[in-house]
Amino acid sequence: MNNFTYSIPTKIYFGKGQIEHLTELKESGRRVLLVYGGGSIKRAGIYDTAMKLLGEAGLSVFELSGVEPNPRIQTVRRGAGICRQENIEMVLAIGGGSTIDCAKVVAAAAKYDGDAWDLVLNPELIKEALPIYTVLTLAATGSEMDQFAVISDMTKNEKWGTEGECLKPKMSILDPEYTYTVSAKQTAAGTADIMSHTLETYFTAVPDAAVQARFCEGLLKTLIQYGPVALKEPDNYEARANLMWAGSLAINGLCKGGAEVTWCVHPIEHELSAFYDITHGEGLAIMTPYWMDYALSDKTVSKFAEYGRNVWDLTGDDDMLIARQSIACTREFFKKLNLPSALSEVGIDETHLEIMAEKAEKGCEGAYVPLTKEAILSIYKAAL
Ligand code: NZQ
Ligand code: ZN
């Protein structure tokens with residue numbers, strides 16, 4: 001196991017009715033920028049509840065609305081402008097990962113003199129940020145408890161992740177009931193995203209990080225159990241609660257610290273979103289099994305067999321057979337969630353694959369299995 005530091009300043013309020021803790025925002029001042037997306041929080045009544053609580057706490061609320069799925073740098077700039085103009089003291093994101101990511105970079109841009117896009121391209125420039133609070137409404141990215149944010153400039157087909165310790169939220173409210181209204185498509189995509197975060201970490205070359213591997217297996221089994229339940233019964237509290245907490249734990253360092261590895265399916269997916277604006281989790285569901293096909297070899301077979309036995313409960317002595325079956329199980333599971341399994345299903349053809357592979361290669365340096373541009377291109381082509 002590698003040396004590591006594990007430090008999460010995010011206070012989590014998990015469960016029904018926890019939104020009442022929004023009044024604690026007054027610890028960070030009086031002027032708050034409320035960041036949200038296309039209106040789901042208004043339809044679900046969360047907006048009204050939040051406004052009432054913030055008003056009771058004596059906070060002045062300014063708004064940045066209309067954050068897009070795959071949030072745009074132009075929206076971040078708009079938010080940073082409001083922060084400067086209105087002397088905003090903290091940001092509150094209510095929504096999914098896109099809203100939270102946008103709010104995070106707004107919070108950092110408010111403290112930065114240059115253009116916000118610099119902060120996306122150069123994480124080292126993120127030195128400070130306004131305090132970040134979140135109310136999560138979609139179990140997927142884990143942004144509510146991590147240091148990452150992913151922002152796009154669609155005018156350039158660019159989508160990049162940035163990070164900073166100061167981007168970890170100060171407080172996040174996780175009420176599983178707020179995810180009852182999430183569509184079947186987004187529920188499935190969110191489940192695939194959480195699975196991918198876990199798998200990207202599970203497939204590491206660091207030996208003897210057993211506790212991290214067992215955490216990963218526990219998360220994966222939980223997702224396999226509850227993803228289909230949440231699809232069938234959107235208001236099943238137990239299912240929504242387990243998906244929500246798994247989403248936070250998959251990416252908050254619990255599984256990765258000490259078992260470090262560069263993620264690779266994510267950079268491969270981010271190019272799909274950058275060029276075609278597709279749903280992140282759907283892209284991951286397509287690419288993950290094809291990456292697995294590529295990654296399985298005599299060198300990696302024992303890890304895949306471990307995955308097959310411990311996650312999918314496969315039995316038998318033949319490691320290669322178990323490994324192949326584990327990939328088939330992964331594919332089948334995504335199909336069971338009605339997720340797409342080929343790029344053509346989400347409108348992607350060969351047109352940009354070459355440039356996408358070239359760009360993705362940069363993000364894959366240090367991956368579990370080395371990936372050249374040619375290798376990534378072959379994975380994209382297999383997935384067509
Ligand atoms: O915009 P609204 O109206 O809120 O609707 C959203 C959006 O259309 C809707 N939604 C959210 N909560 C809902 C709801 N609809 C009904 N009821 C609710 N309770 O769902 C749609 C998708 O929302 P979005 O925030 O885009 O989804 P997600 O949470 O999957 O976030 C995806 C973004 O996060 C990035 C992805 O690349 C993508 O840009 N990621 C961020 C990461 C991080 N910060 O650590 C890591 C991830 O790997 C990922 O890359
Ligand atoms: Zn992801």
Side-chain angles (χ1 to χ4, degrees), residues 10 34-47 64-73 75-76 93-105 120 123 132 134-154 158-164 167-169 172 174-201 230 234-235 240 243-244 247-248 250-253 256 263-274 277-285 287-288 363:
T10 311
L34 170 61
V35 183
Y36 59 98
S40 71
I41 69 160
K42 288 196 168 165
R43 290 190 290 280
I46 307 170
Y47 174 88
L64 174 67
S65 62
V67 177
E68 314 79 0
N70 295 326
R72 313 295 205 260
I73 188 61
T75 311
V76 173
I94 307 185
S98 295
T99 292
I100 299 175
D101 285 3
C102 177
K104 284 177 169 180
V105 185
V120 178
I132 298 156
T134 87
V135 177
L136 182 66
T137 65
L138 198 172
T141 65
S143 189
E144 68 278 4
M145 208 178 174
D146 75 18
Q147 72 272 35
F148 305 110
V150 185
I151 303 293
S152 299
D153 185 345
M154 291 315 226
E158 305 267 4
K159 175 174 181 171
W160 301 110
T162 188
E163 62 181 295
L167 298 188
K168 287 177 177 167
S172 286
L174 278 59
D175 183 340
E177 290 182 313
Y178 287 169
T179 64
Y180 287 176
T181 53
V182 175
S183 66
K185 172 187 156 122
Q186 292 294 342
T187 299
T191 304
D193 191 21
I194 305 168
M195 277 186 82
S196 175
H197 298 161
T198 314
L199 289 167
E200 296 258 42
T201 307
D235 55 358
R240 293 295 193 181
L243 293 180
M244 196 171 223
S248 302
I251 196 173
N252 74 355
K256 193 169 184 177
W263 289 10
C264 59
V265 184
H266 270 68
I268 290 173
E269 190 297 307
H270 282 171
E271 294 308 320
L272 305 179
S273 297
D277 199 11
I278 68 165
T279 298
H280 174 63
E282 292 194 331
L284 294 170
M287 297 315 302
T288 298

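All values below were derived from every heavy atom in this structure, side-chain atoms included, with hydrogens, water molecules and symmetry-related copies excluded. Indexing begins at 1, ligand by ligand and atom by atom, following the structure's order.
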Got the closest protein heavy atom to atom 8 (O) of ligand 1, with its distance? Pro69 CG, 3.8 Å

Write out the residue and atom name of the closest protein heavy atom to atom 10 (N) of ligand 1, then the distance separating them to 0.1 Å. Ser40 OG, 3.8 Å

Looking only at protein heavy atoms, which one is nearest to atom 35 (C) of ligand 1, and how far off is it? Asp101 OD2, 3.6 Å

Examine distances only and state if a side-chain atom of Asp101 and a backbone atom of Val150 form a donor-acceptor pair shorter than 3.5 Å. yes

Hey, are Glu144 and Thr10 close enough side-chain-wise for a donor-acceptor pair under 3.5 Å? no

Please check if the side chain of Lys185 supplies one atom and the backbone of Thr279 the other of a donor-acceptor pair under 3.5 Å. no

Over 60° means perpendicular and under 30° means parallel, so classify the ring planes of Phe148 and Trp263, tilted if in between. tilted

Donor-acceptor pair, distance only, cut-off 3.5 Å: does the side chain of Arg240 make one with the backbone of Thr179? yes

Note the single closest protein heavy atom to atom 23 (O) of ligand 1, along with its residue, its atom name and the distance in Å. Leu138 CD1, 3.6 Å

Per-atom contacts of ligand 1 with Ile251, taking only distances under 4.0 Å to non-hydrogen atoms: 45 (O)

Residue list, side-chain contact (heavy atoms from CB on, under 4.5 Å) with Ile268, at least two apart or on another chain: Met287, Ala360, Cys364, Leu371, Ile376, Tyr380

Determine whether any heavy atom of Ile41 lies closer than 4.0 Å to an atom of ligand 1. no

Among His197, Glu200, His270, closest by heavy atom to atom 47 (C) of ligand 1 is His197

Could you say whether the N/O atoms of His280 and ligand 1 ever approach to under 3.5 Å? yes

among protein heavy atoms, the one nearest atom 2 (P) of ligand 1 is Gly38 N, 3.3 Å

Report yes if the side chains of Glu269 and Thr288 come closer than 4.5 Å at any heavy-atom pair, otherwise no. no

Would you say Leu64 and Cys102 make side-chain contact, with heavy atoms under 4.5 Å? yes

Donor-acceptor pair, distance only, cut-off 3.5 Å: does the side chain of Ser196 make one with the backbone of Ala192? no

Ranked by distance from atom 43 (C) of ligand 1, the top protein heavy atom is Asp146 OD2, 3.7 Å

For Asn70, the ligand 1 atoms with a heavy-atom partner under 4.0 Å come out as 38 (C), 39 (O)

Relative to atom 37 (O) of ligand 1, which among Lys159, His266, Gln147 owns the nearest non-hydrogen atom? Lys159

Kindly say whether Asn70 contributes a backbone atom to a donor-acceptor pair with the side chain of Ser98 at under 3.5 angstrom? yes

Does an N or O anywhere in Gly37 fall below 3.5 Å from an N or O of ligand 1? no

Would you tell me which option among Thr162, Thr279, Thr141 has the nearest heavy-atom contact to atom 31 (O) of ligand 1? Thr141

Check whether any side-chain heavy atom of His266 sits under 4.5 Å from a side-chain heavy atom of His280, and report yes or no. yes

Winner among Trp263, Tyr178, Tyr180, Tyr36 once heavy atoms are compared against atom 19 (N) of ligand 1: Tyr178

Return the residue, atom name and 0.1 Å-rounded distance of the protein heavy atom closest to atom 29 (O) of ligand 1. Gly97 N, 2.7 Å

Under 3.5 Å between some N or O of ligand 1 and some N or O of Thr181? yes

Would you indicate which of Gly39, Pro71, Ser98, Ala250 comes nearest to atom 33 (C) of ligand 1 when only heavy atoms are counted? Ser98

Is there a polar contact, in the sense of an N or O pair closer than 3.5 Å, between Thr137 and ligand 1? yes

Within less than 2.8 Å of the Zn ion (ligand 2), any N, O or S from Asp193? yes

